[in-house]
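Following: one structure in structure tokens, then a few remarks.
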Number of protein chains: 2
Amino acid sequence: MTVGAKETTIYDIAAKLDISAATVSRALKDHPRVNKNTKKLIVKTAAEMGYLSNSFASNLRKKSSNIIGLIVPRLNSNFMSDVIAGIEKVLNNNNYNVFISQSLETMTKEISNANDMLVNRVDGLMVSLAYDTTNINHFEPFVKRNIPVIFFDRVFEQDDYPQIYIDNFKAAYEITAHLIKQGSKRIVHITASQLRNVYSDRLAGYKKALEDNNLKFEEALVIINNLSSEAGHEAANQILKMAPLPDAVFSANDICAVSCMQTLKKNGIRLPDDLLFAGFNNDPLTCVIEPNLTTINYKGYEMGEVAAKQMISRLMNKDEFQPAHNLILKYELIVRESSLRNK
Amino acid sequence: MTVGAKETTIYDIAAKLDISAATVSRALKDHPRVNKNTKKLIVKTAAEMGYLSNSFASNLRKKSSNIIGLIVPRLNSNFMSDVIAGIEKVLNNNNYNVFISQSLETMTKEISNANDMLVNRVDGLMVSLAYDTTNINHFEPFVKRNIPVIFFDRVFEQDDYPQIYIDNFKAAYEITAHLIKQGSKRIVHITASQLRNVYSDRLAGYKKALEDNNLKFEEALVIINNLSSEAGHEAANQILKMAPLPDAVFSANDICAVSCMQTLKKNGIRLPDDLLFAGFNNDPLTCVIEPNLTTINYKGYEMGEVAAKQMISRLMNKDEFQPAHNLILKYELIVRESSLRNK
DNA sequence: CTGTTAGCGCGTTCAT
DNA sequence: ATGAACGCGCTAACAG
């Protein structure tokens, strides 16, 4: 085939073999009621002629695309990349392709992405929400069209959609209880937008652990930012101004925890002697920072697989009623030197 | 609109307003030759009726998708995520959507991804190659169909395709020369598949710097692995067995450098006193490891923008002849404590 | 400025 | 097991 040449179609194949396009179409999609030999011949000829199925025509006719949309806040985290790898594997195995986009943590872009997905007629949509998403009206058009929408990790508290996540409340409770057991009494908590379950649940778990251990919750010990590296440095400066100094920090992600630790160290704070530290996510950074950071590990790859399988299951049984149900995955607390009080 | 209900089409709108579908189509795509008022009415009615353009039909008719395919080795690096953000911005601004997939560093998946892109009829393809890709035959079908293919960062030495990258030879030369200037005479170089320009060019730059400084190149000082974190630990063990010990290490990426440093430190090697260190990419890790890692910084976001603009330019002038030309972007050497000999 | 007509390539009836 | 005919929804070509 040369530049500008016409694509070969099933009609070209049909003409060459002096049969009908319908038979070619059936043979190429492995329809049962077609002669073994003619099928073989058709497939062979198609390959020879460099035939390439036109997905537009096929999709138009079938009214489905075999494409699943994926909207995530950002692509550049170890966690998210694992999730995507897991999603891709499962969907590819089921003959679906993935359309990925990032909201860059803004609702505006998330809405725009969702509309793109709609126009591109995805068969299903998987979403992890941006920081500032206040409502999910932009996903209603999917529901109305019976296109499954599944939330993972950053979900929305609403029964209409299936959701996959971990028990952030319990994980935060455990991590806080651990810090308390190590002797901490004034624990700073750094977190992000309380619109997101992952952060509000962690804050709630932190509060409950304090309460269960007869420690008073202090608003002044909660720092809310965007959990970026820069925010971690600023948080350190805020902490340095606290009088008296707190005796522990629990950050809702590792990146922020690490940069916070760095700035504190630069200012002469000894870790973990002066201050215990804990993060969340088990980012590779946690094993590089000194002291190594205590954190919560949960497997993104598995979350991706589970979410994708859920999607496949819904697509396979579209006619049946699909009650939205939530899947809660496992996590583990990994204790490292940053949260161990030296004797 | 309710579940299962038929989508409204331009014919529905036309019927309701008692005009032709052609006019509706023109109005919705903002065609110039259509009455201001009817246009306004059509747009309003379309919105009211919940009209959604059917991209399959449109694409089928136009023989173009406004989708650009993107194949990268992995999504989970800071660098690649920046590249993607840059690409997305430029392409979205030009009304293109992005179809992302990762090859996971294998040629097999890269080929499979390319075929998916072909079937999904992308208008253009942007690629950064996997480790073990030995040829680029899988991109020829694109060229034959006059679909632009652009390589970035991990490019292929072939004139047919435009390529965007940095001068890896020069960067490696500078970093090696810097280590030599600090007094190093036996420098280990850790790198990956020599099939990829980014690694073969860096090795070549390293060799040239040795030569220009009258240092003998030793095959035994070159470690080839996959530059993963695990590979870094193993490389450290290899280095520990070298007698005498080398006096510097230049790793072709930061991740591998950092884990290598960690294992060396655990084994009692003092950095930078016993061994100088340098990496490549300016990953956030470089500022966390102690001592902070000397590295090469080059901006992924900019590379993404440049590559995407190149793509847009080619798509805009498809009829004209487009000579493949290469764009070489800037980089900078960032010297940190890991490569500074203490006096 | 607007309408008529045709066809993009495929999958799916309903025949035989 | 195969074929004829239609239509998915849209846009481009041609008229007027």
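Chain letters run A, B, ... following the sequence lines, proteins first, then strands; residues in each count from 1.
In this structure, B:F151 has its ring center under 6.0 Å from that of B:F139.
Atom pair B:D30:CG and D:dT11:C1' shows a separation of 16 Å (rounding to whole Å applied). Separating the NZ atom of B:K36 from the C1' atom of C:dC1 is a distance of 13 Å, rounded to the nearest angstrom. Straight-line distance from the CG atom of A:N59 to the C1' atom of D:dG7: 16 Å, rounded to whole Å. Atoms CG (A:L17) and P (D:dT2) sit 12 Å apart, rounded to a whole Å.
Comment: A:E305 engages A:K89 in a salt bridge, judged by a side-chain N to carboxylate O separation of less than 4.0 angstrom. A salt bridge links A:R154 to A:E105: one of the charged nitrogens lies within less than 4.0 Å of a carboxylate oxygen. Taking the charged nitrogens against the carboxylate oxygens, B:K109 and A:E88 do have a contact shorter than 4.0 Å, which makes a salt bridge.
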Q: Summarise how protein sits on nucleotides 7-16 of chain C as a single string, 5' to 3': B when a protein heavy atom is under 4.0 Å from the base, S for sugar-phosphate-only contact, - for no contact.
A: BBBBBBB---
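Between C:dG3 and B:S20, a contact under 4.0 Å exists linking OP1 or OP2 to a side-chain N or O.
In terms of modelled atom types and a separation under 3.5 Å, the side chain of A:N197 and the main chain of A:D153 share a donor-acceptor contact.
Environment of NZ in A:K62: crowded, with over 12 heavy atoms of neighbouring residues, nucleotides or ligands closer than 6.0 Å.
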